[in-house]
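Naming convention: chains lettered A, B, ... in sequence-line order (proteins, then strands); numbering from 1 in each chain. Here the structure is a predicted model, which means the values were calculated and not measured.
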Amino acid sequence: MSGEVRVRFAPSPTGLPHIGNIRTALFNWLFARHHGGKFIVRVEDTDQARLVPGSIEAMLEGLRWLNIDWDEGPVVGGNSGPYYQSERLHIYHDLAERLVSQGNAYRCYCSQKPPSQDTQEQRDRRVSASAECKCRDLSQEDIVKLSVDQKSNVVRFAMPKEGVTRVKDLIRGEVEWRNETLNDFIILKSDGFPTYHLAVVADDHLMEISHVMRAEEWLPSTPRHLQLFEALGYEPPQFAHLPMIMGSDRAKLSKRHGATAIGEFKDNGILPEALINFMVLLGWALDDKTDLVSTQTVIENFTLNRITKSSAIFDQEKLLWMNGMYVRELTPVELAKRMTPFLERDLPKDLLPVDQQYLQRIAPLLQERIKSLEESAYITEYFFKADEKFDTSTIIQKGMDRDSTLSALKAALDGLSATDDYRHQNLEEMLNATGEKLELSRRQFLGVLRTAATGRSVSPPLFEMLEVLGKDRTVSRMKNAVERFSAAS
RNA sequence: GGGGCGUUCGUCUAGCGGCCCAGGACACCGCCCUCUCAAGGCGGAGAUCAGGGGUUCAAAUCCCCUACGCCCUACCA
């Protein structure tokens, strides 16, 4: 391959940015960065009917969140703009006109039938959309007559009726189609907008795209694009069709498969770096044993021959595991920072705002206990709440009774009130001695204290936790526990 | 119906003719560690490499056929 690598990501603003689209963007970006080329974002807004306001903003927001930067496109501009196809209509009109005059395209006057009225059965049976259209063979006379009383028409590309069209796909190898199996697709719609086929070919050429990397669902339309490039006298770019991402039922991923929009991952507490790593592994692998891999390493090693051919199923479980791995790699300060928005969202409002200093001391204790930031509020709640109002019966540990539990609480309260040294080593030494004196196992004694301090049977290691909680909170909770436990008899 | 692509443990994958009676990871099970929960360590179960034919001294790897899955077959991208 000669010349600069220029790849593009071409989303259409028809809804929330999907994980499949983002993965395509990611692979294009990785490819560009690997080759020191350019990554371009181009908005394919040629379908006015399906346009959903805000989708491009969400798309760009998703890319930014993932740290996928683009060299040309919306916001940043570039020398090949505009990067919205709706602003390039004149280009497509000129090209369509040229194709018609060259004899590579023709106006079609057939009445349109909204596809939505077709039953699935009809669509399955349809030989080809243009099968009944005879406009290709209209005489000049007929055309003149038709164009006066028929105000709207479309332009169809005249596919060669013989021969084959071949592509040397960089991932799949040689693929070929007999031209007779391809129909005369529409290139210009009656609303004056081009279809995807015309626009993509025109822009990939004008923007000097060197490699088209897109999802496999586009493979069947590649011969059309190739024929268009040919008719226009353009040299086609290289093609690489990426495997698709499927839902757990092996069907094309969609909303009903759970979180699929990029924003949902963010809301669900997934770290962008974890999502990147996970998406990379959906169709690419560094070697036979690496799962956790930095973006930098991926960029250095990102070559097309390591891309898988078969589609992949999105495994939420593995993503969550991977996210946990990334959570553990954060510094306490960073973790605290990332948890904050979730605490602000999910913690009872009266506990806000959270004390950042305090949070930073809490963070290390949960770091290896959470898989997603979404768990932030639940897992830290007792650090912020005042005295816990748990069911006092849960405080009694296995093998203990009310009396032994109460004396354990009292003994602990005495010790915890008497000392000011709340370093965990000291607490451990002191409380272990107390527990031994009471002839309780660590499991029992510390279990009682854990419940008294948190109201829960599960928590980070007790001593470290009490150290972070500090004397005031600890003593207050122990007192509270003693009182409530005594009263509940 | 037509066209195209794909098919290695449940899932993501390694493998590009001998190193593979197939390696890693998630999930699962067990043990160890241990104040609970995690994390970590160790081990286990799990794939007749979709099936059948070839080619070859040798095939998951090359070729052919079949099956299945998926995608496309719109004035959607």
**Student:** A:Gln397: what forms a side chain to side chain contact (heavy atoms under 4.5 Å, CB included) with it, not counting sequence neighbours?
**Tutor:** A:Met400, A:Gln444, A:Val448, A:Thr451

**Student:** For the residue pair A:Thr290 / A:Asp287, report whether a side-chain donor-acceptor contact shorter than 3.5 Å exists.
**Tutor:** yes

**Student:** Atom NZ of A:Lys309 and atom P of B:U61: how far apart are they, to the nearest Å?
**Tutor:** 13 Å

**Student:** Within the side chain of A:Ser12, is there an N or O that forms a donor-acceptor pair under 3.5 Å with the backbone of A:Thr14?
**Tutor:** no

**Student:** Using modelled atom types only, decide if a donor and an acceptor are shared between the side chain of A:Arg172 and the backbone of A:His241 within a distance under 3.5 Å.
**Tutor:** yes

**Student:** For A:Thr222, which contact category applies under a 4.0 Å heavy-atom criterion: base, sugar-phosphate, or nothing?
**Tutor:** nothing

**Student:** Counting heavy atoms from C-beta on, name the nucleotide in B:C5, B:C35, B:C37 closest to the side chain of A:Pro461.
**Tutor:** B:C35

**Student:** With a non-hydrogen cut-off below 4.0 angstrom, is A:Lys398 in contact with a base, only sugar-phosphate, or nothing?
**Tutor:** nothing

**Student:** If you go through the side-chain atoms of A:Arg172, does one of them form a donor-acceptor pair with the base of B:C5 closer than 3.5 Å?
**Tutor:** no

**Student:** Roughly, in whole Å, what's the span from CZ in A:Phe185 to C1' in B:A77?
**Tutor:** 14 Å

**Student:** Does B:G18 have a Watson-Crick or wobble partner in any strand here, with both distances under 3.5 angstrom, and which is it?
**Tutor:** B:C57

**Student:** Taking A:Arg156 for its side chain and A:Asp184 for its backbone only, find out whether a donor-acceptor pair lies under 3.5 Å.
**Tutor:** yes

**Student:** Between B:U36, B:C71, B:C35, spot the one nearest the side chain of A:Glu464, thanks.
**Tutor:** B:C35

**Student:** From the set B:C71, B:U36, B:C75, return the single nucleotide nearest to any side-chain atom of A:Arg369.
**Tutor:** B:U36

**Student:** Specify the separation, in whole Å, of atom CZ of A:Arg8 and atom P of B:A77.
**Tutor:** 14 Å

**Student:** Would A:Glu216 and A:Ser311 count as having a side-chain donor-acceptor pair, cut-off 3.5 Å?
**Tutor:** no

**Student:** Can you tell me how far P in B:A14 sits from the matching atom in B:C70, rounded to whole Å?
**Tutor:** 22 Å

**Student:** Calculate the interatomic distance between A:Leu242 atom CG and B:C5 atom P; express it in whole Å.
**Tutor:** 17 Å

**Student:** Take the protein atom CE of A:Met246 and the nucleotide atom C1' of B:G69, then report the distance between them rounded to whole Å.
**Tutor:** 8 Å

**Student:** Does A:Arg178 make a side-chain N or O approach to OP1 or OP2 of B:G3 shorter than 4.0 Å?
**Tutor:** yes

**Student:** Using atom CZ of A:Phe445 as one end and atom P of B:U36 as the other, report the distance to the nearest whole Å.
**Tutor:** 15 Å

**Student:** Taking atom types as modelled, find out whether A:Asn104 and A:Arg98 have a side-chain donor-acceptor pair closer than 3.5 angstrom.
**Tutor:** no

**Student:** Can you tell me, in whole Å, how much space there is between the C1' of B:A39 and that of B:A47?
**Tutor:** 30 Å

**Student:** If each of A:Pro194 and A:Glu217 is mapped to the nucleotide of RNA chain B with the nearest heavy atom, which maps nearer the 5' terminus, i.e. the 5' end?
**Tutor:** A:Glu217

**Student:** Can you list the steps and then say if A:Phe39 with A:Phe31 is a ring pair (Phe, Tyr, Trp, His ring centres under 6.0 Å)?
**Tutor:** CA-CA 9 Å; A:Phe39 175 62; A:Phe31 186 74; over 10 Å; no

**Student:** With sequence neighbours excluded, what pairs up with A:Tyr92 under the ring-ring contact (aromatic ring centres under 6.0 Å, His included) test?
**Tutor:** none

**Student:** Would you say the ring centers of A:Tyr83 and A:Trp70 fall short of 6.0 Å from each other?
**Tutor:** no

**Student:** Identify the pairs formed between an N or O of the protein and an N or O of nucleotides 40-43 of chain B at a distance under 3.5 Å, and give each distance.
**Tutor:**
none

**Student:** Should A:Leu416 and A:Met430 be marked as a side chain to side chain contact (heavy atoms under 4.5 Å, CB included) after you check the CA-CA gap, both sets of side-chain angles, and the distance that decides it?
**Tutor:** CA-CA 9 Å; A:Leu416 288 165; A:Met430 177 193 86; 4.0 Å; yes

**Student:** Sticking with atom C1', work out how far B:G46 lies from B:A25, rounded to a whole angstrom.
**Tutor:** 14 Å

**Student:** Give me, pair by pair, the N or O atoms of the protein and of nucleotides 48-51 of chain B that are less than 3.5 Å apart, along with how far apart they are.
**Tutor:**
none

**Student:** Is there a donor in the side chain of A:Asp45 and an acceptor in the side chain of A:Ser86, or the other way round, less than 3.5 Å apart?
**Tutor:** yes

**Student:** Is it the case that A:Asn305 and A:Thr303 place a side-chain donor and acceptor less than 3.5 Å from each other?
**Tutor:** yes

**Student:** What is the nucleic acid contact for A:Phe463, judged by heavy atoms within less than 4.0 Å: base, sugar-phosphate only, or nothing?
**Tutor:** base

**Student:** Which base sits across from B:U34 as a Watson-Crick or G-U pair, both distances under 3.5 Å?
**Tutor:** none

**Student:** Just checking A:Met322: base, sugar-phosphate only, or nothing, at a heavy-atom cut-off of under 4.0 Å?
**Tutor:** nothing

**Student:** Got a salt bridge between A:Glu44 and A:Arg214, using NZ or NE/NH1/NH2 to carboxylate O under 4.0 Å?
**Tutor:** no

**Student:** For B:U36 versus B:C20, give the span between their C1' atoms, rounded off to a whole number of Å.
**Tutor:** 44 Å

**Student:** Does the distance from a Lys or Arg side-chain N to an Asp or Glu carboxylate O, for A:Arg107 and A:Glu97, drop under 4.0 Å?
**Tutor:** yes

**Student:** Classify A:Glu176 by what it touches in the nucleic acid, base, sugar-phosphate, or nothing, heavy-atom distance under 4.0 Å.
**Tutor:** sugar-phosphate

**Student:** Reckon A:Pro223 touches a base, only the sugar-phosphate, or nothing at all at heavy-atom distances under 4.0 Å?
**Tutor:** nothing

**Student:** At a cut-off of 3.5 Å, list every protein nitrogen or oxygen paired with a nitrogen or oxygen from nucleotides 12-14 of chain B, distance to 0.1 Å.
**Tutor:**
| unit_1 | atom_1 | unit_2 | atom_2 | d |
| --- | --- | --- | --- | --- |
| B:C12 | OP1 | A:Ile313 | N | 3.0 |
| B:C12 | O2' | A:Leu281 | O | 3.0 |
| B:C12 | O2 | A:Lys318 | NZ | 3.4 |
| B:U13 | OP1 | A:Gly283 | N | 2.7 |

**Student:** Expressed in whole Å, how much space separates the P atoms belonging to B:G24 and B:U56?
**Tutor:** 35 Å

**Student:** Verify whether one side chain among A:Ser404 and A:Asp401 offers a donor that lies under 3.5 Å from an acceptor in the other.
**Tutor:** yes

**Student:** With a 3.5 Å limit on both atom pairs, tell me what B:G43 is paired to, counting Watson-Crick and G-U wobble, or say none.
**Tutor:** B:C29

**Student:** Between A:Asp203 and A:Gln85, does any side-chain donor sit less than 3.5 Å from a side-chain acceptor?
**Tutor:** yes

**Student:** Figure out the CE/C1' separation between A:Met430 and B:C35, and round it to whole Å.
**Tutor:** 15 Å

**Student:** Starting at the 5' end of RNA chain B and moving along, which residue's nearest nucleotide shows up first, A:Pro11 or A:Leu219?
**Tutor:** A:Leu219

**Student:** CZ of A:Arg50 versus P of B:C75: gap in Å, rounded?
**Tutor:** 13 Å

**Student:** Taking only heavy atoms on the protein side, list every residue of residues 14-21 of chain A lying under 4.0 Å from any atom of RNA chain B, sorted numerically.
**Tutor:** none

**Student:** Does a nitrogen or oxygen in the side chain of A:Arg443 sit under 4.0 Å from OP1 or OP2 of B:U36?
**Tutor:** yes

**Student:** Roughly how far apart, to the nearest Å, are B:A38 and B:C49 at atom P?
**Tutor:** 38 Å

**Student:** With a cut-off of less than 4.0 Å, is there a side-chain N or O of A:Lys371 near OP1 or OP2 of B:A27?
**Tutor:** yes

**Student:** Reckon A:Arg442 has a side-chain N or O less than 4.0 Å from the OP1 or OP2 of B:C35?
**Tutor:** yes

**Student:** Distance check, P atoms only: B:U13 and B:U8, in whole angstrom units.
**Tutor:** 9 Å

**Student:** At under 4.0 Å, does any side-chain N or O of A:Thr181 touch on OP1 or OP2 of B:U73?
**Tutor:** no

**Student:** Under 3.5 Å, is there a donor on one side chain and an acceptor on the other for A:Arg50 and A:Ser55?
**Tutor:** no

**Student:** Can you tell me the base-pairing partner of B:G6? Count Watson-Crick or G-U wobble geometry only, both distances below 3.5 Å, and say none if there is no partner.
**Tutor:** B:C68

